[in-house]
Amino acid sequence: MPSSRSAFYAAAVVVTQVAVAANVRTTTPHMGWNSYNYYSCNPTEEIIKANAQALVDLGFADLGYKHVTTDCGWMSRDRDSEGRLQFNTTLFPSGGVALGEFIHGLGLKYGFYSGGGYLQCGSTDLPASLGYEEIDAQSFADWGGDSLKYDNCYPTDKVLMADYDSAEAASPARFQTMAAALDAVDRDINYFICQWGVGTNVGAWASAIGTSWRMSNDIYNAWRSIWRITNQVVPYYKYTTVGAYADMDMLIVGLNALSLEEERFHFGMWAINKSPLGIGAPLEPSLAPQDSLNILGNAEVIALNQDPLGEPARLVRRFTEEEYDIWAGNLSNSRLVIGIANWRNASQTVALDLGSLLGVASASARDVWAAADLGTLSGAQTLQLAGHELKLLVLSNVVSSSDSKPQAAGYYTAASGATLSGQAAVAGCGANTCLPAGQKVGDIYPGSAVTFGSVSAATAGTKLLGVDFINYEIALATAWDWGSNTRNLTVSVNGGAAKRWAFPISGGDWSDTGRLEIEVDGFEAGSQNEVVFAGFGSNPGPDLVGFEVFE
């Protein structure tokens, strides 16, 4: 059995980067403005022009917000005699070419919207592009389009708008067809796939054809949707690289849906994950609060998103009951970004040990939101976080120390090395899946447990566990309700108190392993420690592959 999962994850990222390198169309995540979040499917020429002008007048264009996308509702019900889409001339009296000339005249990019189904999202009679891909791609090029957002409604018929279950909805074929059509026109059009994460292995196929791909159902104007989408983006670091970006959806900053602290959290989390940054708020000063516009215009946070290395941050520690996460990622020029995410409604004090977390002996640190240099940090730090704050630190002049990071000290496989109780049962997996064990334990319902005996520890106390799990219960139909993209287990050691852990999405299907690193107390020195993973609440936990002890 492999002694560590780290080498496997590194190899997966390298393979993915090689696979998508030939498809690079942008060197950084795209930024811009989209009409949908505020104007829904009711855009007009006046609205688009006013907000495009505001991008320039307010200085957003200079910060990189270039793409102006007219979302659903721009076209007429009928195609012309040659099958071409037509602008609704009541809403857009000047037509598509003139609108493009206006946007280009401001130095901005002209974005179109359509979908891979029979009808456009949000309508019952406006045509989408299924069966008309080549014609529509040529129209977008003829009108001067620079990008296409391609949605996923009505994939099988003209009745069911949002289909999360059918083979047609899950298939990449419709999106691959439009990719080929765009590649065939004599114009470079960035392809923004909006497939919502339906089906399996979306990151694998979408990163190969799209500049970006939506990996979740729509964002909702509530704090809970930030938690849902953040839990779903966790495994997409495997596919995100220069020219291929996991899209966490448009920003709701400025829509009066979140507090200012929550807006900073939202913007910062999107930025460090290298999600495209699409403003969804209206840019009229009377409609969008200035404080929110200041968040969208924070140059230091934008720089994290636009860093040329193109590497997203990763979830490196989760403290579920304490309600905070730690994210970290590499930046260019040998720098690191750390995001400490306080999910708790109230303020709290948290610990950050740079050595055990990242193997950093010392580094110069900057607090990004505070725009303040913190001097040289080393060892354990104590940080005070406001409720729903995401503190962002950038480390430079990093001095590494491998000795300070816990080292792998033994791997324990659930399917062959544990005692199962309740409904918990071993499930077989296909070749090269459910890694590293090739098997997993599922059906860990409440009242079920996976008990590991004879777990070794050199010393007593708290240990870092790397838990290999599988969770692909994606919140699609429940995206606007309380779907969270998590499954829960408790962990107890040597009969101690059971502690709950919320496991995010692990990968692209029910055999794709993810790893959650957690810190668990109660170990004794010796080889007879008992570690119990148990079901929690009323729903099953994630499937369990195994865990690794670090000391």
Side-chain angles (χ1 to χ4, degrees), residues 1-20 164-173 175-176 195-209 213 215 231-240 244 246 314 411-420 422-445 448 450 452 466-476 485-487 489 503-516 533 535 539-548:
M1 194 62 62
S3 62
S4 175
R5 292 277 288 150
S6 301
F8 165 72
Y9 283 133
V13 174
V14 170
V15 170
T16 301
Q17 289 176 339
V18 171
V20 302
Y164 306 125
D165 302 311
S166 72
E168 290 89 345
S171 172
F175 294 88
Q176 292 165 336
Q195 193 264 0
W196 321 330
V198 175
T200 59
N201 302 309
V202 175
W205 65 259
S207 62
I209 61 172
W213 66 96
M215 34 58 63
N231 278 305
Q232 192 166 346
V233 82
V234 168
Y236 279 96
Y237 72 87
K238 300 175 187 178
Y239 305 103
T240 298
R314 293 170 58 176
Y411 193 92
Y412 301 86
T413 303
S416 59
T419 301
L420 310 184
Q423 295 173 261
V426 175
C429 300
N432 299 314
T433 64
C434 301
L435 297 175
Q439 290 181 299
K440 63 180 181 177
V441 173
D443 294 331
I444 311 175
Y445 283 86
S448 304
V450 183
F452 297 82
V467 182
D468 291 333
F469 71 99
I470 298 175
N471 173 29
Y472 201 60
E473 186 180 352
I474 293 179
L476 290 169
N485 291 319
T486 63
R487 282 191 169 194
L489 287 174
F503 290 78
I505 300 302
S506 63
D509 56 35
W510 276 105
S511 62
D512 193 357
T513 306
R515 169 166 282 197
L516 186 67
F533 292 78
N539 299 307
D543 296 345
L544 187 61
V545 176
F547 71 95
E548 192 165 25

Check: W205 and W213 side chains under 4.5 Å, non-hydrogen atoms:
no

Taking E473's backbone N and O only, do any of them form a donor-acceptor pair with N471's side chain (distance below 3.5 Å, no angle check)?
yes

Please examine the side chains of V202 and W196, heavy atoms only from C-beta on, and report whether any two atoms are closer than 4.5 Å.
no

So, for G438 and C429, which heavy atoms are closest and what is the spacing to 0.1 Å?
O-CB, 3.4 Å

A244 and S207 have their tightest heavy-atom pair at CB-O, 3.8 Å

Report yes if some heavy atom in the side chain of V545 is under 4.5 Å from a heavy atom in the side chain of I470; otherwise report no.
yes

Polar side-chain atom of S171 near backbone of A167 as donor-acceptor pair, under 3.5 Å
no

Listing request: all side-chain hydrogen bond (donor to acceptor under 3.5 Å, both in side chains) pairs with a residue in residues 422-433, at least two apart in sequence or in separate chains.
none

For the student: nearest non-hydrogen atoms of D512 and G507, plus distance
OD2-CA, 3.4 Å

Test log, rule side chain to side chain contact (heavy atoms under 4.5 Å, CB included), inputs L544 and V467
CA-CA 8 Å; L544 187 61; V467 182; 3.6 Å; yes

So which of L476, I474, V233 actually passes side chain to side chain contact (heavy atoms under 4.5 Å, CB included) with N485?
I474

Sub-4.5 Å side-chain heavy-atom contact between I505 and V234:
no

Under 3.5 Å: donor-acceptor pair, side chain of K440, backbone of W510
yes

Distance in Å, L435 CG paired with T513 OG1, rounded so as to fall on 0.5 Å steps
5.5 Å

Looking at Y472 and G508, would you say the former's side chain and the latter's main chain have a donor-acceptor pair under 3.5 Å?
yes

Indicate yes or no: at least one non-hydrogen side-chain atom of S448 is less than 4.5 angstrom from one of D443.
no

Using side-chain heavy atoms (C-beta onward) and a distance below 4.5 Å, is P235 in contact with S506?
no

Closest approach of A437 to T413 (non-hydrogen atoms, all atoms of both residues):
CB-CG2, 3.4 Å

Considering the options F469, F533, Y411, which one meets the ring-ring contact (aromatic ring centres under 6.0 Å, His included) requirement together with F547?
F533

Heavy-atom nearest pair, L489 first then P542, reads CG-CD, 3.5 Å

